[in-house]
Amino acid sequence: MTESTLLRMTARVVAVIAVLLLLLWLAKEAFGGHFVLSTIAYVVDNLASRSGLSPFLVRGVIILVTIPFFWAVAKFTGGVMGLLNLTWGGSLGIYDNKYGIVIVVYIAFFFGAMYWASLHAYAFKYCAETPEGTKVSDGPGKDPVYGVERTPCNFGQIEGIREIEGNLRAPQEIRVANMNTFQWFDGVTGRPLVWYVMRQDGDYKFFDRSGKDPNTGQVLQPITPEIVQQIRQQQKIKEEARKQRDADQAAKLARSKEFSDFQDLSTQAQVQFDAGDYKAAKETCDRVLIKDKGNAPCTTIRQHAYVKLAQELVKQGQSQLQRGEFNEAIWSAEKAIGMDPANTNAAKLKQLAVQLKPHALN
């Protein structure tokens with residue numbers, strides 16, 4: 001083999017080694033960067049989604065606190081080949097190395113943080129309906145006591161759990177004074193601000209949030225424009241009925257007052273009659289009988305007053321007759337007959353006055 005051939009072969013070997021080293025370096029950089037970024041992304045996604053914290057805040061914290069972790073990984077694996085072989089995961093050597101201990105502590109801390117973040121992350125939990133109520137777990141499987149298969153918790157189960165824990169405030173009933181001016185929906189988003197349930201009598205009960213009626217357990221429904229229209233129509237009918245009831249009540253009170261007034265007037269007329277003021281008794285009862293023709297007390301009092309007034313007119317006519325006032329006597333007799341047709345003295349008075357009148361003229 002000539003010297004030139006040896007040089008060419010040596011040059012080729014050096015070139016191949018250089019290319020391999022370059023590829024190894026690129027692989028190390030690419031794999032190391034991917035390992036760091038994917039690990040951070042995995043931790044941030046799990047913690048942020050379960051805790052409800054801002055992913056930006058969680059990412060910033062994780063980047064800072066995991067610096068010792070990635071430093072320990074780099075030191076423990078001794079480079080990309082160690083990381084690719086994952087020798088630290090297949091033996092107990094990780095526990096004999098200070099860098100391995102750092103890695104183990106971080107892994108334990110991560111699962112502890114996941115437990116804390118998942119305490120109330122019911123959207124990620126699994127529920128089993130047992131005779132003792134809803135049992136919650138962080139993973140699928142069967143309930144260890146009743147053997148009920150766990151399934152992802154639904155909204156109703158989560159709502160019930162939160163209510164039992166006291167974190168979900170029960171819906172509060174609200175009073176709607178005016179159905180036409182009350183704000184049923186959000187003015188910007190249009191979402192309902194009221195939930196309702198219909199009672200057995202057809203009326204509605206209103207609440208300030210979704211959930212169940214605290215008294216009956218009925219599921220509350222969000223208000224809709226159609227329901228609002230029905231409620232307003234129902235209120236209109238009730239308002240008209242109320243006005244009619246008020247009018248009837250007012251009329252009843254008026255009739256009651258009028259009846260009381262009639263009773264007072266009847267009593268007054270009786271007092272006047274007993275006192276001999278027959279004209280006043282008649283006039284008082286006339287006022288009553290104009291509005292209440294069937295008033296029995298005043299009908300009787302006026303009838304008796306007519307009799308007494310007719311008797312007085314007969315006496316008056318007899319005096320007029322004696323004085324020769326025949327026309328006046330005839331008028332008194334006719335007036336008495338009009339008041340008491342059964343008064344025979346009035347008829348006799350009129351007849352006598354008529355007979356004497358021509359002789360007086362001659």
Side-chain angles (χ1 to χ4, degrees), residues 38-62 65-66 69 89-90 92 94-95 101-174 189 191-200 204-224 227:
S38 61
T39 301
I40 291 176
Y42 176 80
V43 173
V44 170
D45 290 344
N46 280 277
L47 291 180
S49 60
R50 284 166 171 78
S51 65
L53 295 174
S54 167
F56 303 110
L57 174 63
V58 176
R59 185 178 298 274
V61 173
I62 294 301
V65 300
T66 55
F69 170 76
L92 296 178
I94 191 170
Y95 296 100
I101 295 299
V102 172
I103 296 171
V104 171
V105 169
Y106 264 89
I107 293 175
F109 176 79
F110 167 70
F111 285 106
M114 282 291 293
Y115 171 78
W116 169 81
S118 300
L119 283 176
H120 301 289
Y122 293 109
F124 296 90
K125 291 182 180 290
Y126 292 80
C127 290
E129 293 297 336
T130 72
E132 299 179 22
T134 303
K135 300 295 184 179
V136 184
S137 176
D138 286 319
K142 292 184 178 182
D143 179 76
V145 177
Y146 294 98
V148 179
E149 193 72 30
R150 302 190 193 106
T151 57
C153 297
N154 57 45
F155 184 82
Q157 291 171 321
I158 296 173
E159 192 175 40
I161 295 168
R162 297 289 288 176
E163 186 174 357
I164 292 173
E165 292 178 346
N167 296 304
L168 183 64
R169 185 171 68 87
Q172 301 295 312
E173 186 174 358
I174 56 178
T189 64
R191 69 179 185 85
L193 301 177
V194 178
W195 282 256
Y196 75 93
V197 66
M198 182 181 288
R199 302 188 309 193
Q200 292 183 349
Y204 290 88
K205 291 173 64 177
F206 304 108
F207 296 85
D208 61 351
R209 63 182 59 227
S210 62
K212 296 180 180 180
D213 185 335
N215 297 319
T216 64
Q218 290 180 271
V219 178
L220 304 179
Q221 301 297 326
I223 203 73
T224 64
I227 294 297

Side chains of [X] and [Y]: closer than 4.5 Å at any heavy-atom pair?
X      : Y      : answer
Trp195 : Pro171 : no
Leu47  : Ile62  : yes
Arg59  : Phe56  : no
Thr130 : Val145 : no
Ile174 : Gln172 : no

Please list, one pair per line, the donor and acceptor atoms closer than 3.5 Å that link side chains of residues 101-119 to other protein atoms, with sequence neighbours excluded.
| from | atom 1 | to | atom 2 | distance (Å) |
| --- | --- | --- | --- | --- |
| Tyr106 | OH | Val65 | O | 2.2 |
| Ser118 | OG | Met114 | O | 2.8 |

Find the distance between [atom1] ([X]) and [atom2] ([Y]) and round it off to the nearest 0.5 Å.
X      : Y      : atom1 : atom2 : value
Asn154 : Tyr122 : CG    : OH    : 14.0 Å
Tyr196 : Ile227 : OH    : CD1   : 3.5 Å
Phe207 : Lys212 : CZ    : NZ    : 13.5 Å
Glu129 : Gln157 : CD    : CD    : 4.5 Å
Lys135 : Ile161 : NZ    : CD1   : 10.5 Å

Counting only heavy atoms not in Lys205, do more than 12 sit closer than 6.0 Å to its NZ atom?
yes
For a quick test of reading the model, state the closest non-hydrogen atom pair linking [X] to [Y] and the distance between them.
X      : Y      : answer
Phe206 : Tyr204 : CZ-CB, 3.6 Å
Arg150 : Ser137 : NE-CB, 3.3 Å
Ala48  : Pro55  : CB-CA, 3.9 Å
Tyr146 : Glu132 : OH-OE2, 2.8 Å
Leu220 : Ser210 : CD1-C, 4.4 Å

Side chain to side chain donor-acceptor pair (under 3.5 Å) partners of Lys142, counting only residues at least two apart
none
Under the disulfide bond (SG atoms under 2.5 Å apart) definition, can you give me all pairs with a residue in residues 101-157, not counting sequence neighbours?
Cys127-Cys153
